[in-house]
Number of protein chains: 2
Amino acid sequence: MKPSVRLVAERAKVSHATVSRVLNNVDVRIAPETRLRVERIASEMGYQPNRNARALATGRTQSVALWATNLRSVYYGEYIHFIHEETLRHDYDLMVSGAKVPQYGVVGKDVTLDTSKLMSWPVDGIIAVDLPRATVPGMKGSLLGGIPFINVGGYVLESADYVQVDFTEPAIEAVQHLATVGCRRIAYLVPDWFEWFIPSDDPRLSGYKSVMAALGQEPEFIVSPNERREGVASVLAAYIEQHGCPDGIFCYNDEMAIGAFLELRKLGRRIPEDVALVGCDGIRESEYLHPPLTTIMPPLEEMCSVAWSFLMKRIQDPTLPLQAARLKARLEVRGSSQR
Amino acid sequence: MKPSVRLVAERAKVSHATVSRVLNNVDVRIAPETRLRVERIASEMGYQPNRNARALATGRTQSVALWATNLRSVYYGEYIHFIHEETLRHDYDLMVSGAKVPQYGVVGKDVTLDTSKLMSWPVDGIIAVDLPRATVPGMKGSLLGGIPFINVGGYVLESADYVQVDFTEPAIEAVQHLATVGCRRIAYLVPDWFEWFIPSDDPRLSGYKSVMAALGQEPEFIVSPNERREGVASVLAAYIEQHGCPDGIFCYNDEMAIGAFLELRKLGRRIPEDVALVGCDGIRESEYLHPPLTTIMPPLEEMCSVAWSFLMKRIQDPTLPLQAARLKARLEVRGSSQR
DNA sequence: CTGTTAGCGCTTTCAC
DNA sequence: GTGAAAGCGCTAACAG
């Protein structure tokens, strides 16, 4: 049986209230000898407070929830890593929660985030990553069902605290870069739900469009059934067969760029000579390709650390005015687009 | 303010016990009209039970903890993904916890897993991934501090429920394969803590040694300061300068294999012509290389699903005899070793 | 069929 | 300095 405060108290011949006081270092006016005795006995018995009980009593849990669209993707894995680092540093625990299909529905359309699961644990704060066109019911200011809430990523809800990464400039730069290295036909490779985007939703899209307009070229979209590598592989060959092959492809994300990369090579196209490729997200795998993938890198670590500090401030004072930060992503030119 | 059972009860003009009964679908003998009324009012008020309170009352939390050595690595990311799928399916929540340096200490030496953080939340079960030579204090049978515990991976504690992946056969097969494709000098690339391994600790090591013995060749070890890509990059050039270059390298894991791959290419060695390479873990990134990496693939999805079912059984009946499964990994031969 | 009551293990007043 | 007692929000045993 796990020892409780009462058990410790009994052996230490004090009341359980005193044990609690000692162990929480509250109330300095405690006889040093009592304190020592309690501490010794508690550690002898291997006492660990029951955090549910503590949470119930205090209303604080020392835990936060992380919500991500897709736990499979290495991109969101990086978020988990960095947020987890923060929790370690600040002695919090981390609940991880991802999208169930009906939980998030079709991405891209206006979707409603099913928050019942997300909020079911009374965590102290919630961090959500990338909420494209999402409606989050129960949001009031920066509180979701009363719980401090922050969202972070390329897509944010501006009604709550957020840390956004701005892809606009590097997206423009990326498409210009493709033009500069001599691409005459630059396509944008996107997941099929991009149709539901209004241009301002996706800075990559608006960046792409604006540069194409400036170049006097028609935008060209290659549409993949999803935002993953496999989706791209399933459609690219047919697309090229039907429409011919662009000589530059700007990709919605790195996973898709990698899909395109592998598929193009299978089709005998050389990268970057025949097709120059640019991805987005800066996942580490982009470096593994040969030539390595040119990509747009969000400062994930910094984003997570800013998000964390915002969240802590919000927890301290829920009435704080909106906290927002916008960080810059940067274009990292590598071999896949250099010629 | 969040509505509580009492508040719902008040408005529904019943006792809070009845509300609890209705909402938990317990005790069928409830007037249908009462049931309906309570359900309607609860949903109108957006009532969500406080799970801390429920956990305190029932002793069950409907959550499990996942412990991994290293949250950064994509390999452990895959574990998180698959375990998370299980939690979704079975309506559990997932706490994620990783190693803090002092929490796990030097891997390879006999180390003591700091369980205080791991157990601080009263979860219903604990899943630990890869515990090489770890001592876990507080283990009694398959219970860790009274909580059902299962460990999974290439390294397991056989004193508790476990699901182990067996790398032995594919490791032997891998080294033989390297010999078959004509390698005359086959090295094993390992993290420096391999020195603390006794051969039986690491099936790759014992497999490697046995094949080398059969071939009548001297084992050759390339030692990297850690098990990551960067570590390998930092030592490989110097090693080759000093000792010349093996024509086949068996690698402790895929991350290291990728490190070797990129570094070798930088040094102007062709893969597989000059050096044939085999990794281990089957991370998806291994496919991104060109040529793609030959690797040993553990059946992660199956491992996680078996581990989950073991854990659920253990939760149901903590006195169950030890549950153990050993699944086979398989060698996936790809371009990096074919010639 | 439903209400009353007693905890779950802890923190936190309020007395003494 | 320390104990007694209340209560966090819920479930579950016991009445009726």
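Protein chains get the first letters and strands the later ones, always in sequence-line order, with residue 1 at the start of each.
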> Less than 3.5 Å between a donor and an acceptor, one on the side chain of B/H16 and one on the base of C/dT2, is that the case here?
Replying inline: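 Under the 3.5 Å cut-off, the side chain and the base do not form any donor-acceptor pair.
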> Within the modelled atom types, does a donor on one side and an acceptor on the other bring the side chain of B/R21 and the base of C/dG3 under 3.5 Å apart?
Replying inline: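 Indeed, a donor on one side and an acceptor on the other fall under 3.5 Å apart.
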Think [X] has a side-chain N or O under 4.0 angstrom from the OP1 or OP2 of [N]?
X	N	result
A/S15	D/dT2	no
A/T34	D/dT2	yes
A/T18	D/dT2	no

Go through [options] for me and flag the one nearest to the [X] side chain.
X	options	result
B/S4	D/dG9, C/dT4, D/dA5	D/dG9
A/L56	D/dC8, C/dT11, C/dG3	D/dC8
B/A53	D/dG9, C/dC10, C/dG3	D/dG9
A/A31	D/dA12, D/dG1, D/dG3	D/dG1

Expressed as a whole number of angstroms, how long is the span from [X]:[atom1] to [N]:[atom2]?
X	N	atom1	atom2	result
A/L7	C/dC8	CG	C1'	15 Å
B/Y47	D/dG9	OH	P	10 Å
B/E10	D/dG9	CD	P	14 Å
A/N50	C/dG7	CG	P	18 Å
A/R51	C/dT11	CZ	P	11 Å
B/I30	D/dA12	CD1	P	13 Å
A/K2	C/dC8	NZ	P	16 Å
B/L36	C/dT2	CG	C1'	17 Å

>> Using only atom types and a distance under 3.5 Å, with no angle test, would you say the side chain of B/H84 pairs donor to acceptor with the backbone of A/G98?
In response: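 Pair found, side chain donor or acceptor close to backbone of A/G98.
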>> Taking the nucleotide of DNA chain C with the nearest heavy atom to each, does B/R6 or B/E33 sit closer to the 5' end?
In response: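 Per heavy-atom nearest nucleotide, the more 5' residue is B/E33.
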> Within the structure shown, what part of the strands sits under 4.0 Å from B/N52 by heavy-atom distance: base, sugar-phosphate, or nothing?
Replying inline: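 No contact.
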> Which is true for B/T58 with a 4.0 Å heavy-atom rule: it touches a base, it touches only sugar-phosphate, or it touches nothing?
Replying inline: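 Contact class for B/T58: sugar-phosphate only.
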>> I'd like to know if the side chain of B/D130 pairs up with that of B/Y76 as donor and acceptor (distance under 3.5 Å, no hydrogens or angles considered).
In response: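 Yes, B/Y76 and B/D130 have a side-chain donor paired with an acceptor closer than 3.5 Å.
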For atom [atom1] of [X], decide whether the heavy atoms of other residues, nucleotides or ligands shown that lie under 6.0 angstrom number more than 12.
X	atom1	answer
A/R11	CZ	no
A/E301	CD	no
A/E158	CD	yes

